[in-house]
Amino acid sequence: MVDPFGRSIRYLRVSVTDRCDFRCVYCMAEDMQFLPKRDLLSLEELDRLCTVFIEKGVKKLRLTGGEPLVRRNIMSLVRSLSRHIEAGRLEELTLTTNGSQLARYAGELADAGVKRINVSLDTLDPERFRALTRRGDLAVVLAGIDAAQKAGIAIKINAVALKGVNEDEIDDLIRFSHGRGMDLTLIETMPLGEIDGDRTEQYLPLSLVRRRLEETWTLAASGHRTGGPARYFTVAETGGRIGFITPLTHNFCESCNRVRVTCTGTLFMCLGQEDARDLRAPLRASEGNELLAAAIDEAIARKPKGHDFIIDRDHQRPALGRHMSVTGG
């Protein structure tokens, strides 16, 4: 699959649920209204949809949410999709998780061929963690990280940089992550969905963070790539890597090789645009995959060049009404 700008689409992110057991302040409102379960694709439908994308050239598949591991019977989907790894059609099956269920599922994930995951962790302070997530337990997440590493799964820590919240912890997050052999990626908050706070108060430009880090650490540009939008640097003092995802200060659209499918079967060709294609109807219209494949081709043919995220005092409303948990984190 090649989009109108010559970018080969080889990376699919699939949200298996919009539900999450956390309510992170930059991601969700506290009183979230989740989708009716009847609107979600079944696990069998998700498997079929992913398979068609793999047949069309996708090599990396990431399961997301919400929190993917709270979806009932999620491991049956992971085990089924792992057949594409065994057959050599898929290079990587991975997921992004908040870590709350990792202690329970780490062994099964490893057995299903999951070799690498992303864990969202914005703070190492237990009280701050509970405040940020509104209900999470840091000790549970750390135990999940332990279990995943014991199972042989490589972990990358994702941290959203929040002004006045965790900006004083970034050095500690580097030490923690690199001390355990984990890369760290910092992410700018994204203007998706209504939340209870003001994102202009949360927004911390990573260009500023990087300048601050260079006062303490020696950063050297790295050619390391994971298929996602992060630009990586090696930290000389630790030997570990730090990545920067900067949708606002420097967008990463020119090399975008990704599309996203929601748990209801809506294909978003760009995280930051509203244009989308319903895949649920063609998926359910026939036992064959011809209609689904044609719908995917039509959508890829209109993938936009990039997004238009802005956060400032003149743009306080979210760029898009949907939450990140709906699109897939």
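If you read the sequence from its start, that first residue is 1, and numbering goes on from there. What's counted below: heavy atoms across the whole structure, side chains too, no hydrogens, waters or symmetry copies.
Every side-chain hydrogen bond (donor to acceptor under 3.5 Å, both in side chains) that Arg83 has, sequence neighbours left out, goes to Asp47, Thr51, Ser80.
Both Leu46 and Val52 are part of a single hydrophobic cluster, where members link through side-chain heavy atoms under 4.5 Å apart. A continuous path of hydrophobic side-chain contacts links Leu63 to Ile85 [ILVMFWY only; heavy atoms under 4.5 Å]. The hydrophobic clustering, which links ILVMFWY residues whose side-chain heavy atoms are closer than 4.5 Å, places Tyr232 and Ile187 apart. Follow the hydrophobic side-chain contacts under 4.5 Å out from Val140 and you never reach Leu138; the two are in separate clusters. If you chain together hydrophobic residues whose side chains sit under 4.5 Å apart, Phe176 and Ile242 fall into the same group.
Defined by atom type and a distance below 3.5 Å, a donor-acceptor pair is present between the side-chain atoms of Asp21 and Ser100. Looking at Arg128 and Asn166, their side chains never bring a donor and an acceptor atom within 3.5 Å of each other. A donor-acceptor pair shorter than 3.5 Å cannot be found between the side chains of Lys60 and Thr94. Inspection of the Thr96 and Arg62 side chains reveals an N or O donor paired with an N or O acceptor under 3.5 Å. Thr246 and Glu188 share no donor-acceptor pair across their side chains, judged by distance under 3.5 Å alone.
A salt bridge does not link Glu92 with Lys115: none of the charged nitrogens is closer than 4.0 Å to a carboxylate oxygen. Salt-bridge formation is detected for the pair Asp146/Arg180: a Lys NZ or Arg NE/NH1/NH2 atom is positioned less than 4.0 Å from an Asp or Glu carboxylate oxygen.
For the pair Leu283 and Leu49, the tightest heavy-atom approach, listed with the atom from each and the gap, is CD1-N, 4.5 Å. The shortest heavy-atom contact between Ile74 and Pro68 is CG1-O, 3.6 Å.
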For a quick test of your reading: what N or O donor-acceptor pairs under 3.5 Å do the side chains of residues 216-223 make, sequence neighbours left out?
unit_1: Trp217; atom_1: NE1; unit_2: Asp171; atom_2: OD1; d: 2.9
unit_1: Thr218; atom_1: OG1; unit_2: Glu237; atom_2: OE2; d: 2.8
unit_1: Ser222; atom_1: OG; unit_2: His224; atom_2: N; d: 3.0

